[in-house]
Undergrad: 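Right, I'll just put the structure down here and ask away after.
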Number of protein chains: 2
Amino acid sequence: MDIHHLITKLREKGHKITPQRLAICELVLSSKDHPTADQIYKKLKQKFPTISLATVYQTLHLLKDLGLLLELGFPDCSARFDPNISPHIHIICLKCGKIEDYETENLKEQWAKIVKDIGVEPIIQRLDLYIYCDKCKKNQ
Amino acid sequence: MDIHHLITKLREKGHKITPQRLAICELVLSSKDHPTADQIYKKLKQKFPTISLATVYQTLHLLKDLGLLLELGFPDCSARFDPNISPHIHIICLKCGKIEDYETENLKEQWAKIVKDIGVEPIIQRLDLYIYCDKCKKNQ
DNA sequence: GTTTTAAATAGGAACAATTTTTAGTTAGTA
DNA sequence: TACTAACTAAAAATTGTTCCTATTTAAAAC
């Protein structure tokens, strides 16, 4: 998603283009590591020393409502935000919480078939595969 | 999972068999509706007027650690608990939060193939498909 | 059957993530 | 340039969950 397309989309819905909003969007939409709101907040504080966590949350929810972001809730820790909204698997370690992505054409095809069988109109999906990562297996 | 098998499993790990614990386990392991801790707590209060929410949480986490329960974290609401640990899809309405299960032999086979391709040792999985349910589509 | 003891429970306090509130500021329109 | 709806920041409130600790209990030892 390039920045001009984003700006257009925000304007269409009547949202203002503020420097904070742009910075938050750019940061999260280009991230590969499923950051938490707090991680985004801390990074942006360097550029915007007065930015508040509430603004970060609000902007992330805006992106979520626009369908550009997936919010991943977890039992014991903060929500994490994923800008990749096409079908992919999160390979998550049950111990350390590390997330890796698995995304192939074959997977997308398989998933599309499954969704077609179910016969619903999909908006978005979340596919988590829980494992113990190599590191955690060793240290145990 | 029948109750004697559960008791054996708890004893093996050195956990005591208390009436509260048994009631919580029986209730959640036989539930089909992904209840929250609070829903379980409120139901059990009829039989155990002094039961505490902390006990419910503790027991649910015990079952989770034993691999008998999946805890589903969500962004804006309580965690929900799912006793079905075999591969199935949660069809979840983005508006009202209703969860329906989709579970077929074909899905299990497809998922097994995907996991095999990834080449990791799976512990458990969470497959969510987000939609707008018919009811919410109408009221909009 | 009684005693022992280690673990579980109840209830409330504490905690942390997130949301709401409010007052002041700003982007975009006319 | 003035206007106004939307935004921001900071603080306060809220909510789900966990922690704390005195009391109770299950199960082992006697």
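Naming: A, B, ... by sequence-line order, numbering from 1 per chain.
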Undergrad: Salt bridge (charged side-chain N to carboxylate O under 4.0 Å, His left out) for B:Asp117 and B:Lys113? Distances and angles first, verdict last.
TA: CA-CA 6 Å; B:Asp117 281 349; B:Lys113 267 186 213 164; over 6 Å; no
Undergrad: So, is B:Thr50 close to the C:dA10 phosphate, meaning a side-chain N or O under 4.0 Å from OP1 or OP2?
TA: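 Looking at the OP1 and OP2 atoms of C:dA10, one of them is under 4.0 Å from a side-chain N or O of B:Thr50.
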Undergrad: Closest to the B:Thr55 side chain: C:dT9, C:dG11, D:dT17?
TA: C:dT9
Undergrad: Enumerate the residues from residues 32-47 of chain B whose closest heavy atom to DNA chain D is under 4.0 Å, giving them by residue number; use none for an empty result.
TA: none
Undergrad: Can you tell which of C:dA17, D:dT17, C:dT9 lies closest to the side chain of A:Ser78?
TA: C:dA17
Undergrad: Output the rounded distance in Å from CD (B:Gln58) to C1' (D:dG16).
TA: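 Whole-Å distance recorded here is 17 Å.
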Undergrad: More than 12 heavy atoms of other residues, nucleotides or ligands under 6.0 Å from NZ of A:Lys64: yes or no?
TA: yes
Undergrad: Does the pair B:Glu71 and B:Arg80 meet the rule for a side chain to side chain contact (heavy atoms under 4.5 Å, CB included), with working shown?
TA: CA-CA 6 Å; B:Glu71 182 176 5; B:Arg80 302 181 66 164; over 6 Å; no
Undergrad: Cation-pi check for B:Phe74 against B:Arg126: NZ or CZ below 6.0 Å from the six-membered ring centre and within 45 degrees of the axis, yes or no?
TA: yes
Undergrad: Rounded to whole Å, please give me the gap between CZ in A:Arg21 and P in D:dA9.
TA: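 The distance from CZ of A:Arg21 to P of D:dA9 comes to 11 Å, rounded to the nearest Å.
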Undergrad: Give the rounded distance in Å between these two atoms: CD1 of A:Ile51 and P of D:dC7.
TA: 14 Å
Undergrad: Would you kindly give the CZ-to-C1' distance between A:Phe81 and C:dA17, to the nearest whole Å?
TA: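 Going from A:Phe81 (CZ) to C:dA17 (C1'), I get 11 Å.
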Undergrad: Does the plane of the ring in A:His90 sit parallel, tilted or perpendicular to the ring in A:His88? Use 30° and 60° as the thresholds.
TA: perpendicular
Undergrad: Take A:Glu121 and B:Lys137 through the test salt bridge (charged side-chain N to carboxylate O under 4.0 Å, His left out) and record every step on the way to the result.
TA: CA-CA 11 Å; A:Glu121 210 181 316; B:Lys137 268 184 196 160; 3.7 Å; yes
Undergrad: If you count heavy atoms of other groups shown closer than 6.0 angstrom to CD of A:Gln39, is the number above 12?
TA: yes
Undergrad: Starting from P on C:dA17, measure out to CG on A:Leu72 and report it in whole angstrom.
TA: 17 Å
Undergrad: Using atom CD of A:Gln20 as one end and atom P of D:dA6 as the other, report the distance to the nearest whole Å.
TA: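 In whole Å, D:dA6 P and A:Gln20 CD are 17 Å from each other.
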Undergrad: Just the rounded figure in Å: distance from P of D:dG16 to CZ of B:Arg80.
TA: 13 Å
Undergrad: B:Glu103: which residues meet the side-chain hydrogen bond (donor to acceptor under 3.5 Å, both in side chains) condition with it, sequence neighbours left out?
TA: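 B:Glu103: side-chain hydrogen bond (donor to acceptor under 3.5 Å, both in side chains) contacts with B:Asn84, B:Ser86, B:Lys108.
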Undergrad: Any chance you could lay out the side chain to side chain contact (heavy atoms under 4.5 Å, CB included) test for B:Val56 and B:Leu60, step after step, and finish with the verdict?
TA: CA-CA 6 Å; B:Val56 174; B:Leu60 292 172; 3.8 Å; yes
Undergrad: Can you check each nucleotide of nucleotides 19-30 of chain C against protein heavy atoms at under 4.0 Å and return B for base, S for sugar-phosphate only, - for none, in 5' to 3' order?
TA: BB-----BBS--
